[in-house]
Amino acid sequence: MIGIFDSGVGGLSVYREIRKLLPAEDYVYFADNANCPYGEKPVDFIISRAREISEMLIGKGADIIVVACNTATAAAISTLRAEFSDPENPATGERMLRLSNGSRDHILFIGMEPAIKPAIAMTRSGVVGVLATAGTLKAEKYRHTRDISHGKIRVVEHVGEGFVELVESGELHGDHAEEVVKASLQPLLDAGADTIVLGCTHYPFLMDVIKKITGQSVNIIDPAPAVARHLIDVIKEEGIPVKNDSGCHGNIIPMASGDDSVLRRMAD
Ligand code: DGL
């Protein structure tokens, strides 16, 4: 079983890509929507939530966990890997014992990262825009990737102000959604960006609105398909058992820390 989590429904944009490649597999999806948005929350808080959620997903039978949230990946994935994935780490003794009751002796984590490198390869104007949460944009992990890869390309950034709230309330179209999206997107277009990276898993659900504002000449990069392909490679390399029977549809268990109505509707 594959475990997936996010601060809310955004991670479903990653789930739908994984599901295209592994339709027969079973999934457990956790939306921490009682604590959404993660974007401005302290790193320690996100680490502690990521740890608790991972333990819960493992308890439900997850063999591998997709941190389908850029903000949580930036804040917590190194801690999760150190605590759940490293069989040599003496500090993890208690947790390893707990894991040894399950099918695997360590758990693998797949994370999200803003797709700056493909964007740099794609731009013709020499300006790449990144839309992400405040937490992702200030994280060491993101800044490192940006700084080693941009060379002569200019990278301009903007927080997608209000995007997560739109998606969590299921408001994916309409005048208000367009107004909110435009306020964060226009500065990137004004700076000359012809390629825009969606660095938050909620944002792809606003793709129609985003494209309406940018027009067809601007490339919009959603990293979810690449993450799904990477997951398949890891599953093969590590020999993680997954269901592959063609024609068979796996289940998704949708879980939320708050109201689960939007999650259930979108998961369906
Ligand atoms: N979907 C998340 C991300 O990819 C989190 C957004 C939020 O909760 O602020 O960053």
Side-chain angles (χ1 to χ4, degrees), residues 3-18 29-50 52-54 57 65-78 80 109-116 119 129-143 145-146 157-172 177 180-181 183-184 196-207 209-210 220-228 230-231 254-260 262-263 266-267:
I4 304 177
F5 76 90
D6 178 41
S7 63
V9 293
L12 290 174
S13 68
V14 186
Y15 162 70
R16 72 181 166 186
E17 297 302 328
I18 298 172
Y29 183 97
F30 187 83
D32 193 14
N33 58 355
N35 296 298
C36 187
Y38 276 0
E40 309 263 355
K41 297 266 186 331
V43 168
D44 285 351
F45 175 81
I46 297 174
I47 291 177
S48 128
R49 290 303 299 147
E52 279 173 35
I53 295 166
S54 298
L57 293 174
I65 293 177
V66 180
V67 184
C69 173
N70 293 74
T71 314
T73 300
I77 204 157
S78 343
L80 295 175
F109 290 88
I110 304 290
M112 303 298 301
E113 232 180 287
I116 294 195
V130 179
L131 277 172
T133 66
T136 298
L137 294 178
K138 67 174 180 240
E140 176 68 31
K141 199 169 162 53
Y142 163 73
R143 301 184 85 81
T145 314
R146 183 199 61 188
E157 298 157 351
H158 210 286
V159 171
E161 303 279 1
F163 288 26
V164 170
E165 289 78 357
L166 285 176
V167 176
E168 285 299 312
S169 62
E171 192 181 345
L172 309 181
V180 169
V181 170
S184 296
I196 292 174
V197 174
L198 302 184
C200 167
T201 55
H202 280 76
Y203 301 174
F205 286 117
L206 293 165
M207 192 65 100
V209 172
I210 291 171
I220 310 293
I221 304 187
D222 168 12
V227 170
H230 174 59
L231 173 71
M255 299 175 70
S257 54
D259 174 8
D260 66 359
V262 173
L263 172 65
M266 287 179 73

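First listed ligand is number 1; within each ligand, the first listed atom is number 1.
Panel note: side chain T71, backbone G135; no donor-acceptor pair is recorded below 3.5 Å.
With contacts defined as side-chain heavy-atom distances shorter than 4.5 Å, the pair K141/I77 qualifies. C200 is not listed as a side-chain neighbour of T136, based on a closest heavy-atom distance of 4.5 Å or more.
Near ligand 1, residues D6, S7, C36, P37, Y38, G39, C69, N70, T71, T133, V164, C200, T201, H202 come within 4.0 angstrom through at least one heavy atom.
Taking CG of L57 as the reference point, atom CD of E52 lies at 12.0 Å (rounded to 0.5 Å).
Of all non-hydrogen atoms in V9 and F205, the two that sit nearest each other are O-CE1, 3.6 Å.
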Exercise for review: Report the C-alpha separation of K41 and R49 in whole Å, then their side-chain angles, then the decisive distance to 0.1 Å, and conclude whether the side chain to side chain contact (heavy atoms under 4.5 Å, CB included) test is met.
Suggested key: CA-CA 11 Å; K41 297 266 186 331; R49 290 303 299 147; over 6 Å; no
